[in-house]
Amino acid sequence: MAARDGEHERSSMTRISTALCIAALACAPALAQAQRSIIDLGLSYNYFGDTLVDGPTGGGAPAQAALKVSHVGALLLNYEYRPTPNLGLQLATSFGGTLDVEGAGSLAAQGRTFKARPYSLTAFVNYHFFDEGNALRPFLGIGVNFTGYASVESYTGQTVDMSNGWAAAVQAGARYAFDKNWSLLVSLGMNWAKSDITLSGSGGTQQASIEFRPAVFGLAVGYSF
């Protein structure tokens with residue numbers, strides 16, 4: 001009787017172990033899908049059509065002095081982690097472009113005033129629509145942007161200082177998957193980056209501020225793993 005009880009117990013344990021293994025194998029693909037990471041590499045284009053400029057004002061600045069900024073193309077590098085099939089946590093970076101600032105208004109004849117190399121880092125929380133198996137998946141995102149300015153150089157002999165800043169950011173886009181690893185990303189983002197500018201020279205110190213408010217177009221190739 002004891003031998004039969006032991007055999008029955010071993011049989012029950014075998015069945016339980018088998019059931020647990022089957023359940024683990026069934027859950028593994030879902031967990032793998034929910035924890036996928038994506039790296040994107042491509043190009044971004046910052047369109048400054050809605051830029052607002054205040055100044056320059058101060059020592060030596062003529063009345064109705066203004067500035068205008070050029071559009072900027074740059075490299076785009078993203079990393080996104082998906083804790084669930086629909087939720088994505090993304091870090092988006094942009095760097096490598098050159099921003100030219102020219103005189104406008106009563107400074108129009110002055111031409112280029114200074115240049116800088118902007119760089120940005122944006123943290124997004126994205127929501128991806130449709131099931132994960134769909135090749136085309138639109139998404140919406142909201143986040144926080146940091147924009148800084150390096151290699152600031154004057155064309156007029158002045159010393160130019162640009163402040164870095166934080167701003168809210170939003171984006172919309174879509175990803176098309178060619179297979180389980182490779183995809184194409186298209187995105188359109190906006191942020192409300194602002195910089196306070198100080199121009200110092202022999203004629204005095206001038207102050208200006210620029211609300212860049214760029215529309216950021218992105219095109220990139222993504223690799224999932």
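Predicted, not measured: the structure shown is a model, and the values here were computed from it.
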Point to revise | Val170 vs Trp192, side-chain contact (heavy atoms from CB on, under 4.5 Å): CA-CA, chis, key distance, verdict | key: CA-CA 10 Å; Val170 294; Trp192 287 264; 4.1 Å; yes

Check your understanding: In terms of the angle between their ring planes, are Phe146 and Tyr119 parallel, tilted or perpendicular, with boundaries placed at 30° and 60°?
Key -> tilted

Review point. So, Asp196 versus Gln207: side-chain donor-acceptor pair below 3.5 Å or not?
Key: no

Review point. Would Leu43 end up clustered with Phe95 when hydrophobic side chains under 4.5 Å apart are linked, directly or stepwise?
Key: yes

Practice item. Any chance you could lay out the side chain to side chain donor-acceptor pair (under 3.5 Å) test for Asn145 and Thr122, step after step, and finish with the verdict? Key: CA-CA 4 Å; Asn145 166 268; Thr122 309; 2.9 Å; yes

Review point. Quick one: do Phe139 and Met190 end up in the same hydrophobic cluster if we chain Ile, Leu, Val, Met, Phe, Trp and Tyr together by side-chain heavy atoms under 4.5 Å apart?
Key: no

Check your understanding: Any chance the side chains of Gln171 and Asn126 put a donor and an acceptor closer than 3.5 Å?
Key -> yes

Practice item. Please report the shortest heavy-atom distance between Ala220 and Leu184, naming the atom on each side. Key: O-CD1, 3.4 Å

Exercise for review: Calculate, to the nearest 0.5 Å, the distance between atoms CD1 and OG1 belonging to Ile210 and Thr51 respectively.
Suggested key: 7.5 Å

Check your understanding: To the nearest 0.5 Å, how far apart are CG in Leu185 and CG in Asn78?
Key -> 6.5 Å

**Study point:** Whether Phe225 and Tyr223 hold their rings parallel, tilted or perpendicular, with breakpoints at 30° and 60°
**Key:** parallel

Review point. Under the 3.5 angstrom rule, does the side chain of Ser154 hit a backbone N or O of Thr159 as a donor-acceptor pair?
Key: no

Check your understanding: Is there a donor in the side chain of Ser151 and an acceptor in the side chain of Arg117, or the other way round, less than 3.5 Å apart?
Key -> no

Exercise for review: Just do the salt bridge (Lys or Arg N to Asp or Glu O under 4.0 Å) check on Asp131 and Arg137 with the steps written out, would you?
Suggested key: CA-CA 8 Å; Asp131 295 333; Arg137 299 196 68 191; over 6 Å; no

Practice item. Return yes if a side-chain donor-acceptor contact under 3.5 Å exists between Gln110 and Glu102, otherwise no. Key: no

Check your understanding: Between the side chain of Ser70 and the main-chain N/O of Asp100, is any donor-acceptor distance below 3.5 Å?
Key -> yes

Point to revise | Shared hydrophobic cluster, Val101 / Tyr155 (ILVMFWY, side-chain heavy atoms < 4.5 Å) | key: no

Point to revise | Chi angles and distances behind the side-chain contact (heavy atoms from CB on, under 4.5 Å) call for Val69, Val53 | key: CA-CA 9 Å; Val69 299; Val53 178; 5.6 Å; no

Review point. Do you know the tightest heavy-atom contact between Ala177 and Ser183?
Key: CA-CB, 3.8 Å

Point to revise | Polar side-chain atom of Ser200 near backbone of Thr205 as donor-acceptor pair, under 3.5 Å | key: no

Point to revise | Aromatic ring proximity Phe178/Tyr176, centre distance under 6.0 Å | key: yes

Review point. Is it true that a side-chain atom of Thr93 and a backbone atom of Leu77 form a donor plus acceptor pair closer than 3.5 Å?
Key: yes

Check your understanding: Ring centres of Tyr127 and Phe129 under 6.0 Å apart?
Key -> yes

Review point. For Gly59, does its backbone N or O pair with a side-chain atom of Gln206 as donor and acceptor, under 3.5 Å?
Key: yes

Exercise for review: Determine, using the 4.5 Å side-chain heavy-atom cutoff (strictly less than), whether Ile39 and Leu41 are members of one ILVMFWY cluster.
Suggested key: yes

Exercise for review: Verify side-chain contact (heavy atoms from CB on, under 4.5 Å) between Leu52 and Lys194, making sure each step is shown before the conclusion.
Suggested key: CA-CA 9 Å; Leu52 296 179; Lys194 178 182 177 180; over 6 Å; no

Check your understanding: Stepwise, does the side-chain contact (heavy atoms from CB on, under 4.5 Å) test hold for Met162 with Thr198?
Key -> CA-CA 7 Å; Met162 298 182 68; Thr198 302; over 6 Å; no

Check your understanding: With distance as the sole criterion, is a donor-acceptor pair present between the side chains of Tyr79 and Ser37 under 3.5 Å?
Key -> yes

Review point. Centres of the Tyr149 and Phe212 rings: under 6.0 Å?
Key: yes

Practice item. Decide yes or no for Tyr45 and His71: does some side-chain heavy atom of the first lie under 4.5 Å from some side-chain heavy atom of the second? Key: yes

Check your understanding: What are the two closest non-hydrogen atoms of Gln158 and Thr113, and how far apart are they?
Key -> OE1-CG2, 4.5 Å

